[in-house]
Every structure is written in structure tokens, then in C-alpha cells.
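Report on the following structure.
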Amino acid sequence: MSLFKENAAILQKFESDGRDLSSPRSIDFCHIFPGKVSADAFARAAETEGFAVAVHDVEREVDPWDVIASKEIMLTCEAITDTEEYLDALARSYRGQADGWGFFTV
């Protein structure tokens with residue numbers, strides 16, 4: 001399943017659960033990294049792009065650093081997918097990768 005279709009299915013489920021998708025909302029995009037240096041570098045880069053960031057050391061053997069990059073955007077499949085793909089490419093330039101999105105900081 002493509003990322004776009006996956007995000008469309010998630011948003012369709014939210015809508016069927018009665019969530020309001022008509023207003024912008026802060027979305028949290030999670031990324032995983034092998035070390036603190038790469039996580040911090042990605043966090044700085046994401047901040048310069050207007051994202052709020054939080055860096056966490058988690059108990060995981062592989063890629064034990066999480067960075068959550070949050071930004072208020074419209075809850076559309078296009079907006080979420082475009083942002084997710086952009087941040088994944090940015091994370092990969094720092095040896096990380098995307099690990100999903102949601103409302104983690106709520």
C-alpha cells in the first residue's frame with residue numbers, strides 16, 4: 001500500500017470515528033536515529049523548517065533515539081503525506097528514518 005493510500009485510510013477512520021478534520025491541528029511526526037548526534041542534527045534542521053521538536057532516548061536496541069517533529073497543518077492526505085515524505089528524506093540525510101505520525105504529544 002502506498003503511503004498516500006495508507007494515510008487516506010487513517011484519515012477516513014478518524015472521520016468515521018467522528019473526528020473533525022476541517023481545522024488545522026498539530027501533527028507529530030516521529031523519526032528514529034542510531035545516535036544522539038544524528039538525532040540532534042535532524043532536530044536542529046527540522047526546527048529551522050518551522051517544526052517544534054523533542055528528542056528522546058528510548059529503550060530500544062536498534063535506533064534508540066526518537067525525534068518528534070510537530071507542526072500545525074491541515075488534516076488532509078496530501079498535507080500529511082507531503083510533510084511525512086519531506087521529513088523522512090531529511091531524517092535519512094542524518095541516518096534516521098520516519099516511524100509514523102499521530103498525536104503523540106497530546
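The structure displayed is predicted, hence computed values, not measured ones. Residue numbers run from 1 in the order of the sequence given.
The two atoms that bring Pro34 and Pro64 nearest to each other are O-CD, 3.7 Å, heavy atoms only. Shortest non-hydrogen contact noted between Gly35 and Ser38 is O-OG, 3.1 Å. Heavy atoms only, all atoms of each residue included: Met74 and Ala79 are closest at O-CB, 3.6 Å.
A salt bridge is absent between Asp40 and Arg44; no separation between the charged side-chain nitrogens and carboxylate oxygens falls under 4.0 Å. A salt bridge does not link Arg25 to Asp20: none of the charged nitrogens lies less than 4.0 Å from a carboxylate oxygen.
Within the model, atoms CG of Leu87 and NZ of Lys71 stand 8.5 Å from one another, a figure rounded to the nearest 0.5 Å. Summarising the geometry, atom CG belonging to Leu75 is positioned 7.0 Å from atom CD1 belonging to Ile73; distances are rounded to the nearest 0.5 Å. With rounding to the nearest 0.5 angstrom, the CD1 atom of Ile32 is 4.5 Å from the CG atom of Asp63.
Classification of the His31-Phe42 ring pair by plane angle, with boundaries at 30° and 60°, yields tilted.
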**Report entry** Test side chain to side chain contact (heavy atoms under 4.5 Å, CB included) applied to Thr76 and Leu21, step by step
**Finding:** CA-CA 8 Å; Thr76 66; Leu21 304 181; over 6 Å; no
Requested in this report: Start with the C-alpha gap between Phe29 and Tyr86, add the side-chain angles, then the distance that decides, and say whether side chain to side chain contact (heavy atoms under 4.5 Å, CB included) holds.
Outcome: CA-CA 11 Å; Phe29 297 90; Tyr86 171 77; over 6 Å; no
Requested in this report: Verify side chain to side chain contact (heavy atoms under 4.5 Å, CB included) between Arg60 and Asp66, making sure each step is shown before the conclusion.
Outcome: CA-CA 10 Å; Arg60 194 170 46 229; Asp66 282 356; 2.5 Å; yes
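Cluster annotation: Leu11 and Phe4 are assigned to distinct hydrophobic clusters (Ile/Leu/Val/Met/Phe/Trp/Tyr, side-chain heavy-atom contacts under 4.5 Å, transitive). At a threshold of 4.5 Å between side-chain heavy atoms, the hydrophobic network of Ile, Leu, Val, Met, Phe, Trp and Tyr places Trp65 and Val37 in two separate groups.
Looking at Val67 and Phe33, their side chains come closer than 4.5 Å, going by heavy atoms from C-beta outward.
Atom CD of Gln12 has 12 or fewer heavy atoms from other residues, nucleotides or ligands within 6.0 Å.
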Side-chain donor-acceptor pairs of residues 47-59 under 3.5 Å, sequence neighbours excluded:
unit_1, atom_1, unit_2, atom_2, d
Thr48, OG1, Ala45, O, 2.6

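Remark: Asn7 pairs with Leu3, Ile10, Cys77, Ile80, Thr81, Glu84, Trp101 by the side chain to side chain contact (heavy atoms under 4.5 Å, CB included) rule, at least two apart or across chains.
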